[in-house]
Amino acid sequence: MSVKAKLHYFNGRGRMETIRWLLAVAGVEFEEYFFETREELIKLQQSGVLLFQQVPLVEIDGMNMVQTRAILNYIAAKHNLYGKHLKERALIDMYVEATMDLNDLVMCHPMQPPEGREKNLALIVDKATNRYFPAYEKVILKDHGQDYLVGNQFSRADVQVPETILMMEEMKPDILAKFPLLQGFKARISNNPTIKKFLQPGSQRKSEIEEKMIPQRF
């Protein structure tokens, strides 16, 4: 029996959420250990398992892995979600790095002071609809005319782009109104059995409201 991965983080989305998505899609079972207080995080830092004194931390395959991108790269490569060759991997990296840029903005939004949230939301929506989504709509989906983003096979890009889209729809439900190809892509990928299961209530996917609890605790 394989050992479950162990995830150490706050009880919210943050930088761990994409890791949760990718593990779920890869079929890797995991259990989570949440920090309820700052003292619990300090205790983990003092234990010596955090190479750079930062979380997320994922215990997997005998390693204490830190740094979000390193963790995601490892999971994707191990479970054939990282393209067939170097050029496909480069494309996947470009696409997922863009989603992570947008995710960073979304992740920080609940931490904005109340008086700045409307302006911050407008900035996020502007970047999504004028920079990132048009690229996915035209360059990726329309121009190559395939079901998946890279190499016409399922990859981590097909996980991370829908994750970002769903988070954006929580903030602005009609954000895909001008992007019919992305609408179809999201619907198609959301019906992937592992993703569909992860989107069901009761899964280890985190809800947006839990993210708002982090600033009060830490």
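Values in this document were obtained by computation on a predicted structure and should not be read as measured data. Just the heavy atoms: all of them, side chains too, but no hydrogens, waters or symmetry mates, feed the values below.
Between L149 and D158, the shortest heavy-atom distance links the atoms N-OD1, 3.0 Å. The nearest pair of heavy atoms linking V28 to A5 is CG1-CB, 4.3 Å. When every heavy atom of P134 is checked against every heavy atom of A128, the shortest pair comes out as CD-O, 3.7 Å. Closest approach of T99 to V96, counting heavy atoms only: OG1-O, 2.7 Å. Residues I92 and L81 approach most closely at CD1-O, 4.4 Å, considering heavy atoms. Minimum interatomic distance between P56 and I71 (heavy atoms only, all atoms of both residues): O-CD1, 4.1 Å.
Taking CG of D147 as the start and CD of Q153 as the end, the distance is 12.5 Å to the nearest 0.5 Å. Interatomic distance, CD of Q53 versus CG of L41, reported as 9.0 Å (0.5 Å rounding). L51 CG to N64 CG: the interatomic distance, rounded to the nearest 0.5 Å, is 9.5 Å. A distance of 9.0 Å separates CG in L105 from CE in M168, rounded to the nearest 0.5 Å. Expressed to the nearest 0.5 Å, how far OH of Y9 lies from OG1 of T68 amounts to 7.0 Å. Summarising the geometry, atom CG belonging to L102 is positioned 9.5 Å from atom CZ belonging to R131; distances are rounded to the nearest 0.5 Å.
Shown here is E31, whose CD atom has more than 12 heavy atoms of other residues, nucleotides or ligands within 6.0 Å. The local environment of NZ in K84 is crowded, with over 12 non-hydrogen atoms from other residues, nucleotides or ligands closer than 6.0 Å.
One hydrophobic cluster holds both L57 and M63 under the rule that ILVMFWY side chains link at heavy-atom gaps under 4.5 Å. Hydrophobic clustering places F52 together with L72 (ILVMFWY residues linked when any side-chain heavy atoms are closer than 4.5 Å, directly or through intermediates). L176 and M171 fall within the same hydrophobic cluster, where Ile, Leu, Val, Met, Phe, Trp and Tyr residues are linked whenever their side-chain heavy atoms come under 4.5 Å apart, directly or through other members.
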Verdict with reasoning, V106 to I124, per side-chain contact (heavy atoms from CB on, under 4.5 Å) = CA-CA 7 Å; V106 175; I124 295 171; 4.0 Å; yes
request  = For side-chain contact (heavy atoms from CB on, under 4.5 Å), just list the numbers for F154 and I189, CA-CA rounded to whole Å, side-chain angles, deciding distance to a tenth of an Å, and then say yes or no.
outcome  = CA-CA 9 Å; F154 192 72; I189 297 300; 4.3 Å; yes
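Side chains of R15 and N103: no donor on one and acceptor on the other come within 3.5 Å. Counted by atom type alone, Q160 and T18 present zero donor-acceptor pairs between their side chains at under 3.5 Å.
Of the possible polar contacts, none joining the S190 side chain to the A187 backbone as a donor-acceptor pair under 3.5 Å is found. Of the possible polar contacts, one joining the T129 side chain to the V125 backbone as a donor-acceptor pair under 3.5 Å is found. Counting only distance, with no hydrogens or angles, the side chain of Q204 and the backbone of F30 share a donor-acceptor pair below 3.5 Å.
The shortest distance between side-chain heavy atoms of M16 and V58 falls below 4.5 Å. Between V159 and E163, the closest side-chain pair of non-hydrogen atoms is not below 4.5 Å. At least one side-chain heavy atom of F35 sits under 4.5 Å from a side-chain heavy atom of L44. Between L7 and L23 the shortest side-chain heavy-atom distance falls below 4.5 Å. Looking only at side-chain heavy atoms (C-beta outward), I60 and M65 come within less than 4.5 Å of each other. Between L181 and Y136, the closest side-chain pair of non-hydrogen atoms is not below 4.5 Å. A heavy-atom distance below 4.5 Å is found between the side chains of D61 and K78. Annotation: side chain of Q200 is not in contact with side chain of R205 (no heavy-atom distance under 4.5 Å).
Between Y33 and H8, the ring planes are parallel. Angles under 30° get that label, and only those over 60° would be called perpendicular.
In terms of the ring-ring contact (aromatic ring centres under 6.0 Å, His included) criterion, residue partners of F179 (sequence neighbours excluded) are, by chain and number, F133. Applying the salt bridge (Lys or Arg N to Asp or Glu O under 4.0 Å) test to K6 and every residue at least two apart in sequence or in another chain returns nothing. F198 pairs by the ring-ring contact (aromatic ring centres under 6.0 Å, His included) definition with W21, not counting sequence neighbours. With sequence neighbours left out, F34 forms a side-chain contact (heavy atoms from CB on, under 4.5 Å) with N11, R20, E32, E36, K206.
Evaluation of the salt bridge (Lys or Arg N to Asp or Glu O under 4.0 Å) test over residues 89-102, restricted to residues two or more places apart or in two chains, returns R69-E97. Within the structure, every pair that satisfies the salt bridge (Lys or Arg N to Asp or Glu O under 4.0 Å) test and touches residues 172-187, not counting sequence neighbours, is listed here: E169-K186, K172-D174.
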